[in-house]
Amino acid sequence: MRNFYPEIDPYDFGLLDVGDGQSIYWETSGNPDGKPAVFLHGGPGGETQPNHRRLFDPAKYRIVLFDQRGSGRSLPHASDAGIDLSTNTTWHLIDDLELLRQYLRIDRWLVFGGSWGSTLALAYAQTHPSRVSELVLRGIFTLRKSELDWFYEGGAEAVFPDAWEDFLAPVPLEERNMLIQAYSRLLNDPDPAIHGPAAVAWSVWEASTITLLPTPNVVSIFSDPHYALAFARIENHYFVNRGFFDDGQLIRDARLLRDIPGVIIQGRYDICTPAVTAWDLHRAWPEARFVMVPDAGHAFDEPGILSALIDATDRFAAGPT
Ligand code: STX
């Protein structure tokens with residue numbers, strides 16, 4: 001079993017103005033002359049954290065982390081009053097990736113993404129295949145209606161009926177037949193007494209269900225009102241808009257990935273993004289190596305997932321850039 005590389009600090013960081021009044025936080029760590037790799041965080045609306053650097057051998061990689069629009073240390077933060085998410089779409093994030101790549105003078109990079117990060121990685125690679133040297137994907141999520149229905153409209157409820165009650169709690173009875181829509185209203189209500197509890201309930205549902213075993217630490221991070229509001233607002237905005245994709249688009253267009261070396265890593269007991277999506281991607285992109293971890297859920301730092309991820313970045317570090 002492989003484990004995290006040692007803790008490491010960035011050797012450079014900054015805010016990049018990407019237009020539309022938005023600046024994104026970025027940082028680089030590891031070897032400045034190493035093989036470039038970019039980490040795409042989840043949500044959308046999550047953020048990068050120091051442990052994400054530790055998925056890459058710092059002697060071999062130039063490791064790029066950044067917070068997507070509205071998230072983490074990027075500005076403005078989606079928890080701000082009166083935030084406008086109309087310039088926050090998948091296609092804006094893909095343009096941001098291209099701006100950041102050029103700003104850092106990188107020609108091609110390994111693209112690493114889990115969960116929503118896998119969605120964004122697939123969309124980016126299908127749009128700019130020549131810029132992607134390899135793909136490392138885990139907890140595959142493609143925002144199909146079936147995937148959103150499973151996790152947000154009843155489905156996963158069958159496995160987590162207790163947590164589901166807490167997810168329903170802020171929603172008036174008459175709106176419970178369309179929960180993503182109901183939450184859109186609640187999260188964008190200007191009254192903090194309305195959007196605050198809704199944001200925490202939305203985020204805690206995810207935090208309670210993403211690990212195979214309960215992790216109070218994850219739940220407590222997701223309960224922080226500032227974090228929860230940005231996370232919930234951005235996720236909900238993307239889900240109301242079905243990721244700004246045609247339904248099934250990322251699997252349909254998987255043939256565009258044929259020439260990119262890739263790995264698909266999936267936890268068998270992933271409740272947030274169930275294995276069927278990873279399997280559909282595997283069938284559509286058989287050239288990629290497929291790893292089903294038998295004893296893991298969704299989170300990147302569960303032992304079996306973490307080991308498979310680091311095995312994947314190690315193997316690609318050894319190969320040609
Ligand atoms: N959201 C899936 C996702 O991308 C439906 C995701 N879930 N949890 C996370 O991301 C973080 C723990 C990375 C915030």
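Hydrogens, waters and symmetry mates are skipped; everything else that's a heavy atom, side chains included, is used. Each ligand, and each atom within it, is numbered from 1 in the order the structure gives. All figures in this text were calculated on a predicted structure; none of them were measured in a lab.
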List the closest protein heavy-atom neighbour of atom 10 (O) of ligand 1: residue, atom name, distance to the nearest 0.1 Å.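 Looking only at protein heavy atoms, the one closest to atom 10 (O) of ligand 1 is Gly43 N, 3.1 Å.
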
When you measure from atom 3 (C) of ligand 1 to every protein heavy atom, which one gives the shortest distance, and what is it?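 So the nearest neighbour among protein heavy atoms is Ser115 OG, 2.5 Å.
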
Applying a strict 4.0 Å limit to heavy atoms, is [X] in contact with ligand 1?
X: Phe151; result: no
X: Tyr227; result: yes
X: Glu206; result: yes
X: Tyr152; result: yes

List the steps, then state whether salt bridge (charged side-chain N to carboxylate O under 4.0 Å, His left out) holds for Asp311 with Arg2. CA-CA 7 Å; Asp311 176 62; Arg2 291 171 195 244; 3.5 Å; yes

When rounded to the nearest 0.5 angstrom, what distance separates NE2 in His41 from CZ in Phe66?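 His41 atom NE2 to Phe66 atom CZ measures 6.5 Å (nearest 0.5 Å).
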
Measuring from Glu287:CD to His282:NE2, what's the distance to the nearest 0.5 Å?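 Between atom CD of Glu287 and atom NE2 of His282 there are 10.5 Å.
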
Among Phe239, Phe300, Phe222, closest by any non-hydrogen atom to atom 11 (C) of ligand 1: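 Looking at heavy atoms only, the winner is Phe222.
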
Measure [X] to ligand 1 on non-hydrogen atoms and call it side chain, backbone, both or neither using the 4.0 Å cut-off.
X: Ile210; value: side chain
X: Trp205; value: neither
X: Glu235; value: side chain

Does atom OH (Tyr269) have a neighbourhood of more than 12 heavy atoms from anything else shown, all under 6.0 Å?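 No.
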
Does a side-chain N-to-carboxylate-O contact under 4.0 Å join Arg53 and Glu27?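 Salt bridge between Arg53 and Glu27, a charged N being under 4.0 Å from a carboxylate O: yes.
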
